[in-house]
2 protein chains.
Amino acid sequence: MADIARSEPRYGNRPTMKDVAARAGVGLKTVSRVVNGEPGVTPDTEHRVREAIEALGFRRNDSARVLRKGRTATVGLVLEDLADPFYGPLSRAVEEVARAHGALLINGSSAEDPEREQELALALCARRVDGLIVIPAGGDHRYLEPEIRAGVATVFVDRPAGGIDADAVLSDNFGGARAGVAHLVAHGHRRIGFIADRPGIHTARERLRGYRAAMEDAGLDVADAWVSLGPTDPERVAAAAGAMLSGPEPVTALFAGNNRVTVTAVRLLADRERPVALVGFDDIELADLLGVTVIAQDAAALGRTAAERLFRRLEGADEAPATVVLDTRLIARGSGEVPPAGG
Amino acid sequence: MADIARSEPRYGNRPTMKDVAARAGVGLKTVSRVVNGEPGVTPDTEHRVREAIEALGFRRNDSARVLRKGRTATVGLVLEDLADPFYGPLSRAVEEVARAHGALLINGSSAEDPEREQELALALCARRVDGLIVIPAGGDHRYLEPEIRAGVATVFVDRPAGGIDADAVLSDNFGGARAGVAHLVAHGHRRIGFIADRPGIHTARERLRGYRAAMEDAGLDVADAWVSLGPTDPERVAAAAGAMLSGPEPVTALFAGNNRVTVTAVRLLADRERPVALVGFDDIELADLLGVTVIAQDAAALGRTAAERLFRRLEGADEAPATVVLDTRLIARGSGEVPPAGG
DNA sequence: TTGAAAGCGCTAACAA
DNA sequence: TTGTTAGCGCTTTCAA
């Protein structure tokens with residue numbers, strides 16, 4: 001009997017550079033040179049090496065390469081939910097920039113859970129991604145300090161980092177919401193409801209600030225009952241809207257704090273006889289056909305800008321951390337231009 | 001003067017297990033045991049090691065671990081476009097299954113370019129992902145044969161592999177399209193247009209087959225002018241639809257071969273005075289409000305099923321490659337129930 | 001319970 | 001032009 005096979009054949013017993021070298025009758029380093037397109041190999045030698053590579057089906061093991069070189073050519077993206085249509089274009093934009101720099105993208109969803117965000121970000125660091133783009137779920141990112149010190153370039157997107165000084169690329173949430181609410185005021189509304197995500201989320205708070213600022217600009221008081229922050233599942237949003245739209249002094253307009261709230265609001269308002277004005281934060285697909293007025297942010301630009309900043313750092317740029325704020329844009333399509341119903 | 005610093009400090013000079021061992025006054029292997037929760041370490045020793053880990057900010061380098069263990073706990077997902085709303089839920093479902101198995105997800109977009117698909121898939125293999133989920137852009141996957149032989153579990157989703165025998169998880173494109181077209185026929189339509197993606201794409205061909213089958217079932221001839229396959233950008237789709245809807249014998253209904261075609265068709269038909277019936281393949285957000293009748297496929301189920309199959313293989317299941325076909329579902333919302341206009 | 005030595009597959013440094 | 005050696009940081013093996 002021959003030897004018992006090794007318990008765990010590595011990589012399914014793939015050929016290594018050593019195998020290629022043996023077959024081609026050259027040294028290991030010569031194979032490395034050919035594989036990596038380094039100069040200093042005669043065409044004849046190169047030919048023999050290529051034949052051996054072909055014959056054996058050799059493919060370089062990047063894990064070993066990474067260990068030696070210290071760079072993985074991989075960036076990590078921690079986002080909230082890969083399935084959310086807002087993050088698709090953002091991811092794609094990051095991917096395109098990464099690709100232009102020869103890097104791949106590992107991404108994962110935090111599901112809006114700070115612990116999961118941390119777990120994910122640290123798992124990515126353990127794999128030694130060269131850089132990290134994070135859409136924060138939590139408000140405390142001090143856990144990343146050792147990583148950043150150790151050289152992991154890190155950029156936050158959509159929401160700023162908490163507790164550390166780091167690059168961030170954000171939309172003008174405050175200004176956007178303020179403009180949206182001002183638009184409703186300009187169309188005659190005085191009682192305007194505001195429904196958004198949980199108050200732990202930076203964008204929700206900023207948009208609320210914008211709402212309050214616009215109301216104050218117009219000299220309007222805000223009743224407590226007009227503001228509702230919480231989870232954005234349809235049930236919660238429907239309940240919040242229902243409360244605002246009933247009673248003796250119902251709101252005549254709604255400002256929806258993100259795409260999910262807007263979608264639910266559109267569904268609700270479609271069923272009502274009395275028209276209620278609506279402006280939503282974030283553009284949504286087919287909003288044009290539905291006539292939904294929105295404050296649009298450019299998700300792809302957020303991703304692109306963040307990724308470009310990341311790679312600039314990876315290429316050695318030594319600027320101080322900075323926050324970039326991208327403009328939003330009001331797109332009037334009808335729902336925001338409805339005048340107040342009744343009196 | 002001390003030594004000149006090393007030219008390229010690896011990983012920003014992160015501490016290694018060796019450093020931790022030195023600081024804790026123990027052997028390297030003991031640190032490894034603590035880090036990996038292996039038994040056989042006294043509480044006292046463990047405590048000292050943990051202190052050293054904490055003090056140095058040590059984090060295990062998974063790249064090195066991967067090299068030794070031969071498994072990366074990473075799966076690769078090659079899809080067409082991360083920004084397409086159809087693939088968001090699919091990716092997310094794959095991610096969730098991967099997460100349940102302790103694995104991370106690297107994903108990239110082929111942009112419907114076969115070369116890019118191959119480049120991406122092979123880059124993932126070079127990183128030694130444990131498994132690969134591919135939404136094919138090209139029709140020839142023989143380039144993956146050596147990889148699969150070497151042990152990379154591979155599952156194709158949404159479209160089957162070309163030239164190799166491999167697992168696939170598909171939607172019932174033929175049956176779905178046939179049902180959708182039959183639905184239009186049942187509502188009185190005789191001249192039905194079919195607009196879909198390029199004929200190189202498997203799903204487009206299958207849906208066309210379904211369309212033809214439904215027409216044949218109804219004893220209806222199909223005029224050449226009623227079928228248009230090609231890129232799904234709005235301009236091309238609008239031109240195709242425009243042609244079908246004009247002339248002496250315009251179609252009275254359209255079957256849209258995917259979500260992008262449907263969106264464009266909805267926009268176009270909204271502007272017309274004569275009603276034209278529409279059934280689209282793939283559900284789209286807010287289709288309920290717009291009253292768009294669709295053949296819905298379950299993108300998340302596609303991803304989940306594929307990922308589960310992948311991990312079953314990674315856990316050693318040795319079944320023959322198989323194709324799983326998931327049902328589609330007709331959702332009537334109004335646009336597909338419009339009777340033919342005119343005569 | 002603990003640790004020393006070997007080696008995963010590759011690249012950097014240097015030698016021939 | 002080519003090859004040899006060392007070693008990236010970890011896990012495996014085996015011995016103490």
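Values below: all heavy atoms of this structure, side chains included; hydrogens, waters and symmetry mates excluded. All chains are named by letter (A, B, ...) in the order of the sequence lines, taking the proteins before the strands, and each is independently numbered beginning at 1. Just so it is clear, the model here is predicted, and its values are computed rather than measured.
When the side-chain nitrogen and oxygen atoms of T45(A) are compared with OP1 and OP2 of dT1(D), none of them lie within a distance under 4.0 Å. Within the structure, every side-chain polar atom (N or O) of T42(A) is placed at least 4.0 Å from both OP1 and OP2 of dT1(D). A close approach under 4.0 Å does not occur between any side-chain nitrogen or oxygen of K29(B) and OP1 or OP2 of dT11(D). Between N36(A) and dT11(C) there is a side-chain polar atom (N or O) within less than 4.0 angstrom of OP1 or OP2. Taking side-chain N and O atoms only, T30(A) has a distance below 4.0 Å to OP1 or OP2 of dG3(D).
Looking at which nucleotide of DNA chain C each of T16(A) and V31(B) is closest to, the 5′-most match is held by V31(B).
One can find a donor-acceptor pair under 3.5 Å joining the base of dG3(C) and the side-chain atoms of R33(B). A donor-acceptor contact under 3.5 Å is formed by the side chain of R68(A) with the base of dG7(D).
Counting to the nearest Å, the P atom of dG3(C) and the CD atom of E38(B) are 14 Å from each other. In this structure, the CG atom of L28(B) is 19 Å from the P atom of dT1(C), given to the nearest Å. Here the P atom of nucleotide dG3(D) and the CE atom of M17(A) are 14 Å apart, to the nearest Å. Computed from coordinates, the F58(B) CZ to dG9(D) C1' distance equals 8 Å when rounded to whole Å. Protein atom NZ of K69(A) is 13 Å distant from nucleotide atom P of dC10(C), rounded to whole Å. The interatomic distance linking R60(B) (CZ) with dC8(D) (P) rounds to 19 Å, in whole Å. Rounding to whole angstrom units, CZ of residue R48(B) and C1' of dT2(C) are separated by 11 Å. Going from atom CG of L67(B) over to atom P of dT11(C) covers 12 Å, rounded to whole Å.
Counting non-hydrogen atoms of neighbouring residues, nucleotides and ligands closer than 6.0 angstrom, the CD atom of E54(B) reaches no more than 12 such neighbours.
Defined by atom type and a distance below 3.5 Å, a donor-acceptor pair is present between the side-chain atoms of R127(B) and T74(A). At a cut-off of 3.5 Å, with distance as the only test, a side-chain donor of E95(A) or S109(B) sits close to an acceptor on the other residue.
In summary, R92(A) and E96(A) engage in a salt bridge, as defined by a charged side-chain N under 4.0 Å from a carboxylate O.
Using a 4.5 Å heavy-atom threshold, the side chains of Y87(B) and N107(B) count as separate.
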